[in-house]
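Let me begin by presenting the structure, written as C-alpha cells, before commenting on it.
These values consider heavy atoms only, across backbone and side chains, with no hydrogens, waters or symmetry-generated copies. Every chain is numbered from 1 and lettered A, B, ... according to where its sequence line falls, protein lines coming before strand lines. Quick caveat: nothing in here was measured; it's all calculated off a predicted structure.
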Amino acid sequence: MPEGHTIHRLAADIGIRFGGRAVRAASPQGKFADGAALIDGTRLTGTEAHGKHLFLGFAAVGWVHIHLGLYGKVAFGDGPAPAPVGQVRLRLHTGAGYADLRGPTACELITEGEKDAIHGRLGDDPLRTRDDGERAWARVSRSRTSVAALLMDQKVIAGVGNVYRAEVLFRHGIDPYRAGRDLTRAAWDLVWADLAALMREGVRLGRIDTVRPEHLPEVMGRPPRVDDHGGEVYVYRRAGMPCHVCGTEVRTAELVARNLFWCPGCQPAATA
DNA sequence: TAAGTATGTTAAG
DNA sequence: TTAACCTACTTAC
C-alpha cells in the first residue's frame with residue numbers, strides 16, 4: 001500500500017477521526033511504549049504528510065513521526081477498541097473509534113527541529129500544493145542518472161514509489177533508462193502534472209489506478225485486473241504479459257534493488 | 001511448517 | 001553493494 005498517496009490519505013483520515021481531541025495512546029507491542037505514554041491523553045493538534053513521511057502533532061509533547069516502510073499499515077475501527085490482534089506498535093483511540101499501526105519502519109517522538117530536518121532532506125511532493133516541481137526539475141535536468149532511479153529518489157521527488165514510477169513513465173512513453181538531463185522541460189512538466197493528478201486520485205480512491213478510460217478492460221475486452229495492490233495498471237508487476245496498448249511483452253529488470261517494469265514497444269530507447 | 005514476496009529505507013562494509 | 005529490519009499473507013513441500 002504505502003506510496004505517497006497512502007500517507008496523505010492517512011494524514012487526512014487520522015485528522016478527521018482524532019484531530020482536535022484528546023486521544024488515548026498505547027503501544028500494545030511495547031516498542032513505542034515510552035512515546036505512547038507521553039502523548040496518552042493529550043490533544044492531537046494537527047496531521048501532516050510529506051512524501052512517505054507522516055507527522056502527527058501533539059502540541060503539548062511534539063510530533064510522532066511515522067514511516068510505514070515496505071509493509072507498515074494502519075487499520076481503523078469504530079467504537080471502543082477490541083483486544084489488539086498481532087503486533088500493534090501504536091494504538092490511538094477515543095470512545096468513538098481507534099487506529100492501529102503495525103509494522104512501520106519508523107514510529108518515534110521528535111521535536112519541531114527534527115521534523116524540519118526531515119522536510120529539508122525530502123524533495124518536492126506532487127501532493128503538496130506548495131510544491132511546483134521546480135526544485136525536482138533542477139535536479140533531474142542536471143543528472144546523468146536514469147529517470148527511473150531519479151523518480152525513486154526521495155531527495156529529488158518525495159512520495160513516488162515503485163508503482164507510480166513504472167506507470168507514469170509508461171503513460172508518457174519514456175524509456176526508464178533515459179538520463180534525467182535528456183528529458184525535455186516539456187516532458188518533465190507533463191510527468192509532474194500527471195503524477196500530481198494520479199496521486200490525488202490515489203488519495204481519493206485509496207488505491208493506484210493509472211489506466212486511461214480508453215484502455216480499461218471492459219473497453220479492451222479483457223478481464224478486469226485482480227492484483228493484491230488493488231488497482232488497474234499498465235505495466236507494474238505485469239512482466240511477460242502483453243502490453244494493454246501495443247501487445248509487446250512487458251519487461252522487468254532490477255534497478256537500484258527494486259523491480260522495474262516497462263513496455264519496450266511504448267517506451268522505446270532513444271536511438272542516436 | 002517453511003519459504004517467498006511486497007507499493008521502503010538505512011547502516012555497514 | 002549488501003544486509004538488515006518491520007509484518008502479514010500466499011505458496012510450496
- prompt: Can you list every side chain to side chain donor-acceptor pair (under 3.5 Å) pair that touches residues 12-21 of chain A, not counting sequence neighbours?
  reply: A:Arg9-A:Asp13, A:Arg17-A:Asp78
Value in whole Å for how far the [atom2] atom of [N] lies from [atom1] of [X]:
| X | N | atom1 | atom2 | answer |
| --- | --- | --- | --- | --- |
| A:His67 | B:dT10 | NE2 | C1' | 11 Å |
| A:His65 | B:dT9 | NE2 | P | 10 Å |
| A:Leu70 | B:dG4 | CG | P | 17 Å |
| A:Asn259 | B:dT7 | CG | C1' | 11 Å |
| A:His5 | B:dG8 | NE2 | P | 10 Å |
| A:His50 | B:dT9 | NE2 | P | 12 Å |
| A:Glu254 | C:dA3 | CD | P | 12 Å |
| A:Ile66 | B:dG8 | CD1 | C1' | 15 Å |

task: For A:Ala179, enumerate each residue passing the side chain to side chain contact (heavy atoms under 4.5 Å, CB included) test, keeping only those at least two apart in sequence or located in another chain.
output: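 Scan of A:Ala179 (side chain to side chain contact (heavy atoms under 4.5 Å, CB included), adjacent residues dropped) gives A:Arg181, A:Asp182.
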- request: Could you list the residues that satisfy side chain to side chain contact (heavy atoms under 4.5 Å, CB included) with A:Arg185, not counting sequence neighbours?
  value: A:Glu134, A:Trp137, A:Asp189
- prompt: Ring centroid separation for A:His93 and A:Phe18, is it under 6.0 angstrom?
  reply: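 Ring centres of A:Phe18 and A:His93 not closer than 6.0 Å.
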query: Take atom CG in A:Asp116; do more than 12 heavy atoms of anything else shown fall under 6.0 Å from it?
result: yes
Please measure how far the [atom1] atom in [N] lies from the corresponding atom in [M], and state the result in whole Å.
| N | M | atom1 | result |
| --- | --- | --- | --- |
| C:dA8 | B:dT10 | P | 23 Å |
| B:dT5 | C:dC13 | P | 12 Å |
| B:dT9 | C:dC9 | P | 23 Å |

Quick one: is [N] close enough that its OP1 or OP2 comes under 4.0 Å of any side-chain N or O from [X]?
| X | N | result |
| --- | --- | --- |
| A:Gln154 | B:dT9 | yes |
| A:Tyr164 | B:dT7 | no |
| A:Arg165 | B:dG8 | no |
| A:Lys52 | B:dT7 | no |
| A:Arg258 | B:dA6 | no |

message: Once pairs are restricted to Watson-Crick or G-U wobble with both distances under 3.5 Å, how does DNA chain B read as a dot-bracket string, [ ] for crossings and | for other-strand pairs?
response: ||||||.|||||.
query: Under the side-chain hydrogen bond (donor to acceptor under 3.5 Å, both in side chains) test, which residues partner A:Arg171, sequence neighbours left out?
result: A:Asp194
Connected hydrophobic set around A:Val88, excluding itself, where side chains approach under 4.5 Å: none
field: Transitive ILVMFWY cluster of A:Ile118, excluding itself - 4.5 Å side-chain cut-off
entry: A:Phe55, A:Trp63, A:Ile110, A:Leu122
query: Do A:Tyr98 and A:Leu92 come close enough that some side-chain heavy atom pair is under 4.5 Å?
result: no
Compile the donor-acceptor pairs under 3.5 Å between side chains in residues 255-270 of chain A and protein atoms, sequence neighbours left out, one pair per line.
unit_1   : atom_1 : unit_2   : atom_2 : d
A:Gln267 : OE1    : A:Cys263 : N      : 2.8
A:Gln267 : NE2    : A:Leu169 : O      : 3.4
A:Gln267 : NE2    : A:Ile174 : O      : 3.0

- line: So, with a heavy-atom separation below 4.0 Å from DNA chain C, the residues of residues 102-112 of chain A are A:Arg102, A:Gly103, A:Thr105
task: Tell me what A:Gln29 touches on the nucleic acid: a base, only sugar-phosphate, or nothing, going by heavy atoms under 4.0 Å.
output: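 Sugar-phosphate contact only.
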Restricting to nitrogen or oxygen on both sides, can you table the protein-nucleotides 11-13 of chain B pairs closer than 3.5 Å?
none

task: Can you sort out the partners of A:His53 under ring pair (Phe, Tyr, Trp, His ring centres under 6.0 Å), two or more places apart, ordered by chain and number?
output: A:His65, A:His67
task: Using the test ring pair (Phe, Tyr, Trp, His ring centres under 6.0 Å), find all partners of A:Phe32 that sit at least two apart in sequence or belong to another chain.
output: none
